Participant: 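Next up is a structure, given as structure tokens.
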Amino acid sequence: MASVSAIIRNLRPLEGRAYIGLIGLAILMNAKWVSPDEALLAFIAGVFFVWYAFSINNCFDVDTDSLNPDKAKKNPIVSGELSFWEGVAISVVLAMLGTAIASRTNTLMFVFYLLMTLLATIYSAPPRLKARPIVDVLSHGLFFGGLPFLYGASMDWRISGIEALMALSVTLYSFALELRNHLGDYESDLKAGLKTTPIVLGKKASEKLVVTFSWASIVLLVVGFTPLGALGAVAVKIRINYQTLDALMLALLVAHTAKLMLGG
């Protein structure tokens, strides 16, 4: 029987915290329009979605994770602590619980939830979009970027102009994160015979795309603050490491959230 620690590790909660935070920020922006109970239910459904996405990915990433020592340590199915079918069962339970809770939100939120759950499924499970060039990046940008943000932002039944801009920005940044992830798995994916976007385009081209998508997303958020919009063009020329880009992106998202909460 699977241990509790193996089940928790299969959810990869530490790796999923950024996506959970993204959903939380989007919900927080519009929490004033609903009751605390409604906001909490929407957030819990979002947590279940993130855990599901990581869990189902572990199930179908055994072939590549087993070739990558760093990934093998994080995947209890590779280590044998969970069987494939136990992992699938856990994933199904998470999807069912999340969907059941999300069904109690408004119709628009529920549609976004169903779309992102479907994409997360076919990204990892057959037809396994993550192993197909271009669509691997596009699908990740949607189910772990734009759609979760729109899910939270639609709590008030509408998507404002600034929320649409933020959703686009998050989608672009998720493109960059997917490319970064694939670049980290480059050798193991190559050995497993996968054709991810970096394998097809090459490392150098993919690294340039990471920088392009990252700065494009940050510039969009900066432009959202009208007085600072001009700084976006200057920022593109600054080359800094990924950790700093992540911190800058987070700071801008939090700033926009605070501004919208205050009615700005």
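The figures here come from the full heavy-atom set of this structure, side chains too, leaving out hydrogens, waters and symmetry mates. Since this is a predicted model, take the numbers as computed values, not measurements.
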Participant: Using salt bridge (charged side-chain N to carboxylate O under 4.0 Å, His left out) as the criterion, list what pairs up with R12, not counting sequence neighbours.
Facilitator: E15
Participant: Enumerate the residue pairs fulfilling side-chain hydrogen bond (donor to acceptor under 3.5 Å, both in side chains) with a member in residues 189-210, sequence neighbours excluded, ordered by first and then second residue.
Facilitator: D136-T197
Participant: Using a strict cut-off of less than 4.0 Å between a Lys/Arg side-chain nitrogen and an Asp/Glu carboxylate oxygen, indicate whether R128 and D61 qualify as a salt bridge.
Facilitator: yes
Participant: Would a distance-only check, ignoring hydrogens and angles, find a side-chain to backbone donor-acceptor pair under 3.5 Å from R9 to V4?
Facilitator: no
Participant: Applying salt bridge (charged side-chain N to carboxylate O under 4.0 Å, His left out), name anything that partners K71, two or more places apart in sequence or on another chain.
Facilitator: D185
Participant: Give the minimum heavy-atom separation between V137 and F175, together with the two atoms involved.
Facilitator: O-CD2, 3.2 Å
Participant: For residues 137-150, which residue pairs pass the side-chain hydrogen bond (donor to acceptor under 3.5 Å, both in side chains) check, not counting sequence neighbours?
Facilitator: H140-S174
Participant: Side-chain contact test, heavy atoms from C-beta onward, threshold under 4.5 Å: evaluate it for F213 versus L179 and give yes or no.
Facilitator: yes
Participant: Less than 3.5 Å apart, which donor and acceptor atoms pair up between the side chains of residues 36-54 and the rest of the protein, not counting sequence neighbours?
Facilitator:
unit_1	atom_1	unit_2	atom_2	d
E38	OE1	S35	N	3.1
E38	OE1	S35	OG	3.2
Y52	OH	T121	OG1	2.6

Participant: Decide whether Y123 and E178 meet the rule of one side-chain donor and one side-chain acceptor closer than 3.5 Å.
Facilitator: yes
Participant: Is there a side-chain contact between S83 and I77, using heavy atoms and a 4.5 Å cut-off?
Facilitator: no
Participant: Between H256 (side chain only) and L221 (backbone N and O only), is there a donor and an acceptor less than 3.5 Å apart?
Facilitator: yes
Participant: Between N58 and N10 (side chain of the first, backbone of the second, donor and acceptor by atom type, cut-off under 3.5 Å), is there such a pair?
Facilitator: yes
Participant: Within the side chain of S103, is there an N or O that forms a donor-acceptor pair under 3.5 Å with the backbone of A100?
Facilitator: yes
Participant: Pair up each side-chain donor or acceptor in residues 153-164 with any protein partner under 3.5 Å, not counting sequence neighbours, and list the distances.
Facilitator:
unit_1	atom_1	unit_2	atom_2	d
S154	OG	L150	O	2.9
S154	OG	Y151	O	3.0
D156	OD1	R158	N	3.3
S160	OG	E163	N	3.3
S160	OG	E163	OE1	3.3
E163	OE1	S160	N	2.9
E163	OE2	N30	ND2	3.1

Participant: Taking the side chain as C-beta and beyond, is there a heavy-atom pair between P126 and F60 under 4.5 Å?
Facilitator: yes
